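Down below is the structure, laid out as structure tokens.
Everything quoted here is computed from the prediction, not taken from an experiment. Lettering of chains follows the sequences in order, A, B, ..., and the numbering in each one begins at 1.
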Amino acid sequence: MAEQQFLLAASAVLFSLGLLGVIIRRNALVMLMSMELMLNGVNLSLVTFASAAGSTEAAVLVFLVFVVAAAEIAIAIPIVLALARRRGTLDAGSWTELKG
Amino acid sequence: MIETALTYFFTVAAVLGGMLMLVARHPMRAALALVCSMLSLAGVYAMLGVHVIAVFQVLIYVGAVMIFMVYTIMLLDVRDPSFTRRWSGLLVPGVLGAGALSAVIAWALRDAGDAPASASTEAFGVQSFAVTFLEEYWLYFELSSVLLVAAVIAAIAALRAGGGRDG
Amino acid sequence: MAEATLLNYVLWLPVLGMAALLVLPRGADAAVRGLAFVVMLLQFVLAAWLYGQFEAGVAGLQFETRLPWIADWGVYYHVGLDGMNVLLVLLTAFLGPLVVAGAVNAIRQDVKLFHAMVFFIQFAMIGTFVAQDLFLFYVFWETMLIPMFLMIGIWGGERRIYATLKFVLYTAFGSILMLAALIYLVWSLYEERGALSFAFTDLYGLDLPMNVQAWLLGAFALSFAIKVPIVPLHTWLPDAHVEAPTAGSVILAGVLLKMGTYGFMKLGFPLFPEAAVAAAPLFMTLAVISIVYGACLALVQDDIKKIIAYSSISHLGYVMLGLACFDLLGVQGAVIQMVSHGLVSAGLFFMVGMIYERCHTRDLAAYGGLAKAMPVYSVFFMVLTLASIGLPATSGFTGEFLVLVGAVSAGWAQHVAGAGSTTLVLGVMAVLGVVLGALYMLRFARLFLFGEERLPGGHAVADLGLREKAILAAIVVAVFWLGIAPAGPLAKTESGSLQFQQLVLGDAAGGAP
Amino acid sequence: MNWQAVFIGMLPEHLLLAGALLLIVVELLSRRPPDGLPLALATLAAAFLAALWLAATGHAGEPFPGQLTVDPAAFAGKAVMLGLAIPVALLARGELEGPRPYLLLLFSLYGACLTLSADSFLTLFIGLELLSLPVYVLVMAGMRGPGSAEAALKYLVLGGTASAMLLMGASLLLGATGTLAIASFAAGLGAGTPLATAGVLLVVAAFFLKGAVVPFHAWAPDAYQGATVPVTAYMAAIVKAGVLLAAVRLFGEAGVPPALVAPIALLPLVSMAWGNLAAIRQSSFRRMIAYSSIAHAGYLFFAFLGAPEGRFEAVAFYVIAYGLMNVLAFAALPAGADDAAADRLESLQGLYSRRPYAAITLGIAMLSLAGLPPFPGFVAKFLIFRNVMEAGYTGIAVAGLLASYLGLYFYLRVLQFAFMGSASGETIPARRLALGASLLCLIPVALLTFFPGWLLERL
Amino acid sequence: MGALTLIVLLPLLGFLLNGLLGGRLGRTFVNVVGCGLPLLAFVVAALTVRDLAAAGYPAVIETVYTWAAFGDRSFEIAFLLDRLSAVMVLIVTGVGTLIHLYSTGYMKGDPGYARYFAYLNLFLFFMLLLVLGRSLLVLFVGWEGVGLASYLLIGFWFSDPEKSAAGKKAFITNRIGDAGFLLGMFLLWQALGTLDMDAINAAFAAGPVPGLSAALVGILLFVGATGKSAQIPLHVWLPDAMAGPTPVSALIHAATMVTAGVYLVARLSGVYLVAPEASAVIATIGVLTAFFAATIAVVQTDIKKVLAYSTVSQLGFMFVALGVGAYGVAVFHLYTHAFFKACLFLGAGSVIHALGGEQDIRRMSGLARRIPVTFATFAVATAAIAGLPPLAGFFSKDEILWYALASERGGSTLLFATAALTALMTAFYMFRLLWRVFMGASRMSHEVEHHVHESPPSMTGVLVVLAVLSAVGGFFSIPHFLEPVLPLPTIDPAMEHFHVPLLVLSVALGLTGLALAAWLYAGDASRAARLEARFAGLHRLLTGKYYVDEFYEAAIGRPLEWLSRRVFLGLGDRILLDGTLHGLAGLARRAAGGFARIQTGSLQAYVLLGLAGLVLLLTWSLGNG
């Protein structure tokens, strides 16, 4: 297997692992971390392609991903904290007031 | 050759770190696993010659985002049930789905081209990248500042809303 | 006022009326009623004038208006009178003032909204009849659901919500398929001619393969058949009628159901002639089933409104039969039968409303011997009953007779020509259906008017007042007009029927039999 | 660098940003939280007029070639969103306090405008993020019930997932086509290689998620219900418009290749049926509207099956009609509808007898959403299904129409409550400035009812 | 306005005046309008016929207006006066006027007085349309119209549910016949393009009509006639129709309306002349009806029912004549029957009137002395119907028997024998009636007897006139008069010499019936009672009217009810159709419930859902691509 394919497969796995983490982990903070993992998976694939194609644009996109990830976390953490304080738990699976 | 080997090594480490994060019981351990994974990725980037990104990866992700995360974890009560019971009820379907997804994406990627992984490391040198970024892509620089302003305001608003009146 | 645009005034007058209603203050019920009546009367006068000016024997549209509406799609605001719709427009306009007059006592809640809805319905119905553009037609066709939904739902009886939802959901189901067919049809036209057009005249000439025609006809027919309604798509009708306020029932029976048969006549059959001819036995079979089924069900109802509701199913079966036999007399008869049913069932629903206002029950068993207590009422009731049965000299006879002549002679001609006897058999069965019609209406009259005098609650009731008499007298006069001297109206509709025949059967069959 | 092109071409964005910054300055300078509404309204109006003017004059340009380009369609789309934002902002009075919600609104609109000018995935990505991030917070802003933060988190997590999918797709497209320009999507559509197809589908899935198409829809009911009325209106009217118009831009001139028609048509189709059916049992008005929006997302994505030429017209007309109707409906709701109790459909009982005007506008909105003529919703629906059928997908169009039929019931149910129930004794208070908001919607609705052709000719 | 139109419209005017104003303007007004206008119509008719006679009876056609036109075909409203319709018009207006006059006495004091006369005038209007109409359409209008008038008058005392039910039954039964009539009419229209009866006759006379069988048309039209003229199997309504006021029974259900079927067949003789099959059917039905109705009449105990079955039977005779091609003879019998049956009914009315409403002959006897005028007229009419010479019935019945035997158009010995037997029975049951009612000692209670009184002159006067007509009417030979329009069939030469013996037989039959009745019902009628006991089964069958009503109820009525209620309403509407709808609605609700369960509220589940969607999207299209 060529290196590039390997890297891309790893990126797919990381992406999937991130998604999996969001699904299977109860702890809301770990869920947020899993989202980061997802973005990291994406980054890996972007960088792989970027380096292959020499595309600066892709690198800029990775930079933007960093920024956005930071912004998302900055917004997500207060929300999670608010929920944790109010519901007395960090278990995202128990935050099911809205349903149906 | 050693570079290739290191690339493989870091890649495997990143994936392992990701897996570790998923199975770690305590969020702090999960965070550390994630940091490991991220650092490994930074290694991969460096091996691929995209040094700027490797640097950013360490600075922004590990340095800022994950520190923030760890800080938050430390703030919280560890007796919370979510700290002790890892899995939601969706473990099996989740694993199956994620497995299928990675398989299908990997399958799609099977002929993604066999170009050497590091074609032009020149473009990703810190200097050349900075120049290109600020000359050609300064729009995104500006836009990310707008985004960050918006995010700051949003975060403040979220804190205010979360800490404010409540039912 | 240019004469050619007069039709637009007839069409849009109710909208002006709605606007005027907005200005009136809340609670000014008398003013609202007065305004509504005047506007409706004006509409009728204009429509009657149009009818008078409408030239018989002239093919094509009269009082035509054609303005671009959605120019990009080739949609035009295109309205006009022709032999097919002229009588129906007159009927609609005729019932308008009567509906308003009939609601004086019955509607006491949300009077303004009620009259706005009457205006709205009137607008949509006339629009459906006069539209000459398929898009416009569909818009009017569907729009009509809205006021009807509210009318039954707000002023209806106990199970009004169920009834009105059933009505709307049922009808809308058909419409959605018609919409699909409509889009397909117009697209086919575009494929063939390279131009977008929704004009009926353009669509008539479209040459479609048989299987496509069959599908499209099926979709259109489903929509129309639900509205008619043809058995087995009828179960919304009894519920809607029973729960609707008198005005709703009158509009429903008087005009709305005709939109379905008119649809068949104006669109369903002419747009897909080959498929229509092939499916004619099916439609005739369904028509005869409707005749018999509706009559049988009317026979065993204990709710006075349901009897009339089921009778509508039966009567509209005749219309379908007349249309589907493609015989000139049959088609002409179908047109007259539409109007006749509009008058007669509207009149009967008015009468049911009048008695309901007095006694507050629709249970047939609660009534008896009304002829003694309310002689004038009974006379009107008897006249309408007989018209419903189709006694000569009433409009019902003209319609049924011509339909049956058409169906049987078409059937016989086919039989003799060795082209199968289906039409003949169905025609004969329809003739036998005449007996059933008498059976249920006379049962109704016997239990209702005759026998021991018995009134709900046992209290005395007043006979009809002047307003009520005037409403019924107007209807009865119209009933006799169509029964005794139908030549005038028939002459005006002949061009339409001939056009229908020609569109369906091709040039060869056009002209007099 | 063509500064003039940058100035003119991004004038609406500039105005929004200027307004937002001004608002920040005002907030910093004033002792008590200032009222953000007047300034926000002025900003929105200015940006709206600018977009309208640019659209009308047919301005086109390339402020940042390959990154951000503008054309009349983009300006028209921006005008739609900015115009819809004005009544939404009016609705916020009384629900959201202080200048911050308006700030977030302006930033979000900035992002929405960016997406419509995007020429590369970078711009698209940042635009979508900028569109969404403030909304995550707006969902929990001014919240009166404990569900708001939950709603915000759900929206955020799924929104973040969507971003990740978009990026993944973009990166695969980069691999397949060697570029991150959005044209790579169109190219990927036609390429047919697994790599390109996977990229395309990941991007499509991201848009499905943002647009709330089944099975990526699950955030929507919760977010809509958890948010306050103006925010729900914003999500329903503007976020959806932004996502869909961006999708139109993304698809560009490309048609959907036959191999992808089934998967791309299937999910919207399921969405229509799912949304329309699930709405039946809802007792919360906003939640019901959310399911309605899921169904409408289905209709909107159907537009992509049609020929590329008609796509913008169809989507733009649809989002205008749809947005107007949603804002109209929300404007008619009684004040205090943010309380879970007041949000219940039953609280509309007897609305007509108490506030006839509100009942009528609500009725018009529902009927138009149901796609009944003569209201604009019908023309919009017609346009979409016509395009699908013209593309030759008769069966899909018929199935879609049937699925759309399923929605009639719950819209009528609202009318049933508003008109057919007997009023309980208490009066229903109107929300502040609702009259202004509903008039701002009602006038275009009336115009679109009677003269839909006027707009269609110009789109 | 032509004379014919005037004749038709005069009663209509009477209907309108009485119907709209009669209730308010009092009895005199009602009398003047109600009787005056029919009388005027009679006078006009008589004058017109006189003019016609002077001109040698050319057919007069008076077109009023076009009812409807289709291309070159049209339905004209036109009247036709020829010898046949002249006879009918005079009978209708003449007898009609008499019965109106009679009614002024009979209905005196009834609260519905004005309504009654309005209905009666309406009836005359439609009856005149029927007999004067040139086209089958006009005839049909009258045909249905008289049915309506009959319906209204049978149910005149509508408070009694049985009476209104009888009216309904009459209408419905007629409608069944009308269905056949309509079909026949449609076929004629289809083949000939006209419904004018003179044109139809001419067309059939000219040779076979392409694409149309005269037999089929004939039978279909005859189905209509069986309804209106109460022939088997549609005879069941007429006896029930006796629920109406007795003058109505006389006018409508004896003299005029029920003979419309006879008139129809005679009028369309052109069709039947070329349709021997149809004629055979007519003769068979006619003779069967005559026979069976007579057998029922023998055991009836209600005075009006006896007369009703007698009417059915006599109509059967007329159809026998029609069936053997002797159209003029049928009209002859129609004409004489109009007089004597009207006389009998009015006489019965007088009896009922005298007894204060009693109709059961078992509670009558010895009335001859108390109401002598009634008795005398009744006796004359009875003799006439029994066929005793030289009364009117003798001539007409004799001719029928003769043609039944000797006509070359279907005459046969069997036909003749049955008819003769029926004639015997006719004489018997009529004299039985006469005997039981008028003869013997009084068996009535004193109270009843005290009330018995002769009817007022308005009634007895009419009786006398009718009795006279019954007596002398036979001397005006209708068949001869009608020969130019309704030629008589040729006589089978083999039968030629049987004419005189037949005359003798005919008289003998009448006398035998008389004697038999006198013997059986002499004294306390114990012989009759013994006979009844002896043949109890047969007697039950006859009093049960062969259980035809019951059969219809079981074969049609109840199945229809069952079909409608259980199958159509229960199974069809409720279970199949509404059930499907509600099932679909339930399905939608269930689906909604399912969707709601999927929306668990758990964020993780939402993401999983999205993941599933993503996998689905990717696998599907990558699998395809």
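- When heavy atoms are compared at a cutoff of 4.5 Å, D:L172 approaches chain A by way of both its backbone and its side chain.
- For the residue pair A:A82 and D:M140, the shortest heavy atom distance occurs at CB-CE, 4.4 Å.
- At a heavy-atom separation below 4.5 angstrom, chain A is approached by no residue within residues 202-210 of chain D.
- Of all residues in residues 154-167 of chain D, those placing a non-hydrogen atom less than 4.5 angstrom from a non-hydrogen atom of chain A are D:K154, D:L156, D:V157, D:G160, D:T161, D:S163, D:A164, D:M165, D:L167.
- Shortest non-hydrogen contact noted between D:L174 and A:A58 is CD2-CB, 3.6 Å.
- Heavy atoms only, all atoms of each residue included: A:I79 and D:A149 are closest at CG2-O, 3.5 Å.
- Using a 4.5 Å cut-off between heavy atoms, A:V60 touches chain D through backbone and side chain atoms alike.
- Atom OG1 of D:T123 is separated from atom CG of A:L64 by 9.0 Å, given to the nearest 0.5 angstrom.
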**Study point:** CA sep, side-chain torsions, deciding dist, call: A:E72, D:E129, side chain to side chain contact (heavy atoms under 4.5 Å, CB included)
**Key:** CA-CA 9 Å; A:E72 260 179 20; D:E129 284 303 320; 3.4 Å; yes
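- Atom OG1 in D:T179 sits 5.5 Å away from atom CD in A:E57 (nearest 0.5 Å).
- Using a 4.5 Å cut-off between heavy atoms, D:L180 touches chain A through backbone and side chain atoms alike.
- D:Q282 touches chain A through its side chain: at least one heavy atom from C-beta onward sits under 4.5 Å away, while N, CA, C and O do not.
- Put simply, CG on A:L98 and CD on D:Q225 are 5.0 Å apart, with the number rounded to the nearest 0.5 Å.
- Between D:M168 atom CE and A:N43 atom CG the span is 10.5 Å, to the nearest 0.5 Å.
- In this structure, no portion of D:R281 lies under 4.5 Å from any heavy atom of chain A.
- Interatomic distance, A:L61 CG to D:F121 CZ, rounded to the nearest 0.5 Å: 9.5 Å.
- For residues 64-100 of chain A, every residue pair satisfying the ring pair (Phe, Tyr, Trp, His ring centres under 6.0 Å) rule, not counting sequence neighbours, is listed here: A:F66-B:Y61.
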Could you pull out every donor-acceptor pair under 3.5 Å between side chains of residues 102-111 of chain D and any protein atom, sequence neighbours left out?
unit_1	atom_1	unit_2	atom_2	d
D:S108	OG	D:L131	O	2.9
D:S108	OG	D:Y234	OH	2.5

